[in-house]
Amino acid sequence: MTKIADKYAKALFDVSADTNQLDSIYEELETISHSSFDYINDLKAIDSNPKLTLQKRQNFVGEVYGNANQYIVNMLKVLAENRHLSHIEDVFKAFQSQYNQHNNQDFALIESTYDLNDEEISKIVELVKQQTNLSKVIVSTKINQDLIGGFRVKVGTTVMDGSVKNDLIQLQRKFKRAN
């Protein structure tokens, strides 16, 4: 489904950028995606029900999402037409990826053994920006006692590991090579 979601997201992204509505459409699509999450099985039932005509599926979109931005509603109607309404979250994730790339930003998960204060998070964010050349880093934090100490940062597929556990693993590998 990723390729299909990418196509819908790309079309919506392009029209959003062309009409200078990128930020507002991003926020609205995010809200729709999150609010639809609990109803994915219902959307799958709509997608797979052969008794629901195209008109009924598009009427559903109009009734549920009719107050959304017209470009989003149009995309949702095309999703309904192709029986892909249940893939709204995939479309949002693909749109989000394009949005982040456009804005030179990404999400970072900072794991540590304790709650980091704002100053510590700021220093880590600056380190991440230097290492990745990102303009903005959207941070979430997580306590991970397995690290023993230090921190680990995941940005996309990149992992920056400054944990004591990683140091011990590297030391262990050096000893194994020496034998």
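In this text the structure is predicted, and so the values were computed from the model without any measurement. FYI, the numbering just counts along the sequence from 1.
Nearest heavy-atom pair across His102 and Leu22 is CD2-CD2, 3.4 Å. When all heavy atoms are compared, the tightest approach of Leu29 to Leu12 is CD2-CD2, 3.7 Å. The two atoms that bring Ala9 and Val91 nearest to each other are CB-O, 3.6 Å, heavy atoms only. Arg57 and Ile46 make their closest contact through CD-O, 3.9 Å (heavy atoms, listed as atom of the first residue, atom of the second, distance).
Using a 4.0 Å cut-off between a side-chain N of Lys or Arg and a carboxylate O of Asp or Glu, Lys77 and Glu81 do not qualify as a salt bridge.
Partners of Thr19 under the side-chain hydrogen bond (donor to acceptor under 3.5 Å, both in side chains) rule, at least two apart in sequence or in another chain, are Gln21. Looking at residues two or more places apart in sequence or on another chain, you find a salt bridge (Lys or Arg N to Asp or Glu O under 4.0 Å) between Lys10 and Asp14. With sequence neighbours excluded, the residues satisfying side-chain contact (heavy atoms from CB on, under 4.5 Å) with Asp47 are Arg83, Leu85, Ser86. A search for side-chain hydrogen bond (donor to acceptor under 3.5 Å, both in side chains) contacts involving Gln105 returns Asn100, not counting sequence neighbours. For Gln70, the side-chain contact (heavy atoms from CB on, under 4.5 Å) test picks out Val73, Asn74, with sequence neighbours left out. For Asn82, the side-chain contact (heavy atoms from CB on, under 4.5 Å) test picks out Tyr8, Val78, His84, with sequence neighbours left out. Residues that satisfy the salt bridge (Lys or Arg N to Asp or Glu O under 4.0 Å) test with Glu119, not counting sequence neighbours, are Lys123.
Here CZ of Phe60 is found 14.5 Å from CD of Gln55. Values are rounded to the nearest 0.5 Å.
Side-chain heavy atoms closer than 4.5 Å link hydrophobic residues (I, L, V, M, F, W, Y) into clusters, and following such links, even through other members, never connects Ile4 to Leu54. Residues Ile148 and Ile143 are members of separate hydrophobic clusters, defined by side-chain heavy-atom contacts under 4.5 angstrom among Ile, Leu, Val, Met, Phe, Trp and Tyr.
A heavy-atom distance below 4.5 Å is not found between the side chains of Ile138 and Asp106. The shortest side-chain heavy-atom distance between Glu28 and Thr31 does not fall under the 4.5 Å cut-off.
The side-chain hydrogen bond (donor to acceptor under 3.5 Å, both in side chains) contacts involving residues 32-46 comprise Ser36-Tyr65, where partners must be two or more places apart or lie in separate chains. Legend: salt bridge (Lys or Arg N to Asp or Glu O under 4.0 Å) pairs involving residues 143-158, not counting sequence neighbours, sorted by first then second residue: Glu111-Arg152, Glu111-Lys154, Arg152-Asp161.
Apart from Val137 itself, the hydrophobic cluster it occupies contains Ile110, Tyr114, Leu116, Ile121, Ile124, Val125, Leu127, Val128, Leu134, Val139, Phe151, Val153, Val155, Met160, where clustering links Ile, Leu, Val, Met, Phe, Trp and Tyr at side-chain heavy-atom distances under 4.5 Å. Other members of the cluster containing Leu109 do not exist, because no ILVMFWY side chain is joined to it at under 4.5 Å. If you chain together ILVMFWY residues whose side-chain heavy atoms come under 4.5 Å of each other, Phe37 ends up in a group of its own.
In summary, the aromatic rings of Tyr26 and Phe92 are positioned with their centroids under 6.0 Å apart.
In terms of modelled atom types and a separation under 3.5 Å, the side chain of Asn104 and the main chain of Asn133 share a donor-acceptor contact.
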